[in-house]
Amino acid sequence: MLKTDGIWRITGTAGQFDLQAFDPTITIIARGSAAPLGNKVYFWSDQGVVRVSESGVEVISDAINTTLEAYSYDASATAQAVGFSSEAD
């Protein structure tokens with residue numbers, strides 16, 4: 001679960017669910033930027049574009065963070081993402 005107070009994990013079965021903090025240091029800034037691809041989720045966070053997997057969170061946008069920071073306040077409300085995998089992947 002991507003929230004403004006971090007990334008959370010919901011686990012459980014048969015109506016017995018538990019909410020646990022997965023990484024409270026990363027927050028989503030553009031709700032429409034979250035996109036699943038394979039077993040991972042990508043989104044625009046307060047630390048740049050990140051990839052979230054079962055093993056953790058990785059910032060993958062270091063090369064373009066300066067550009068993202070210039071747009072973060074203007075585009076965060078309207079940013080959209082779509083996961084796409086080519087056959088070459």
Side-chain angles (χ1 to χ4, degrees):
M1 179 183 305
L2 306 175
K3 298 178 56 186
T4 57
D5 62 346
I7 302 172
W8 297 79
R9 180 183 304 185
I10 301 172
T11 59
T13 59
Q16 300 295 319
F17 297 102
D18 188 34
L19 180 64
Q20 303 166 337
F22 184 74
D23 190 330
T25 66
I26 304 236
T27 61
I28 187 167
I29 63 167
R31 182 175 52 173
S33 72
L37 183 61
N39 291 327
K40 299 171 180 74
V41 175
Y42 298 79
F43 66 92
W44 191 0
S45 79
D46 59 339
Q47 297 180 29
V49 177
V50 296
R51 174 175 42 221
V52 181
S53 67
E54 284 292 322
S55 59
V57 180
E58 178 184 8
V59 176
I60 60 170
S61 63
D62 287 339
I64 62 168
N65 273 347
T66 303
T67 302
L68 289 175
E69 289 169 2
Y71 291 104
S72 64
Y73 294 104
D74 294 334
S76 63
T78 58
Q80 298 291 311
V82 176
F84 174 77
S85 177
S86 68
E87 290 186 32
D89 290 343

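Computed from a prediction, not measured in an experiment: that's the story for all the values here.
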message = So, taking the atom named CD1 in I7 and the one named CD1 in I28, what distance separates them when rounded to the nearest 0.5 Å?
response = 8.5 Å
query = About how many Å separate CG of L2 and CH2 of W44, when rounded to the nearest 0.5 Å?
reply = 15.0 Å
message = My understanding is that only residues two or more places apart in sequence, or in another chain, count here; which of them pass salt bridge (charged side-chain N to carboxylate O under 4.0 Å, His left out) with D62?
response = none
message = Would a single hydrophobic cluster contain both M1 and V52, if residues Ile, Leu, Val, Met, Phe, Trp and Tyr are joined by side-chain heavy-atom contacts under 4.5 Å?
response = no
ask   = How many angstroms lie between CD1 in I26 and CD in E58, if you round to the nearest 0.5 Å?
value = 10.5 Å
inquiry  = Suppose we screen for side-chain hydrogen bond (donor to acceptor under 3.5 Å, both in side chains). Which residues come up paired with S33, at least two apart in sequence or across chains?
reply    = none
note = Correct closest heavy-atom pair for W8 and D5 would be NE1-OD1, 3.2 Å
task = Please check if Y42 and I64 belong to a single hydrophobic cluster, counting links between Ile, Leu, Val, Met, Phe, Trp and Tyr side chain heavy atoms closer than 4.5 Å.
result = yes
query = Are V50 and V41 co-members of a hydrophobic cluster defined by side-chain heavy atoms under 4.5 Å apart?
reply = yes
ask   = Going hydrophobic residue to hydrophobic residue with side-chain gaps under 4.5 angstrom, can you get from I29 over to V57?
value = no
note = Between Q47 and V59, the two heavy atoms sitting closest are O-CG1, 3.5 Å
ask   = Quick check: does any side chain N or O of E54 sit under 3.5 Å from a backbone N or O of N39, one acting as donor and the other as acceptor?
value = no
inquiry  = Between D46 (side chain only) and T27 (backbone N and O only), is there a donor and an acceptor less than 3.5 Å apart?
reply    = yes
task = Using the test side chain to side chain contact (heavy atoms under 4.5 Å, CB included), find all partners of T11 that sit at least two apart in sequence or belong to another chain.
result = R9, D18, Q20
Spatial distance of atom CD1 (I60) from atom NZ (K40) [nearest 0.5 Å] = 10.5 Å
note = One should read off an interatomic distance between R51 CZ and L37 CG, to the nearest 0.5 angstrom, of 9.5 Å
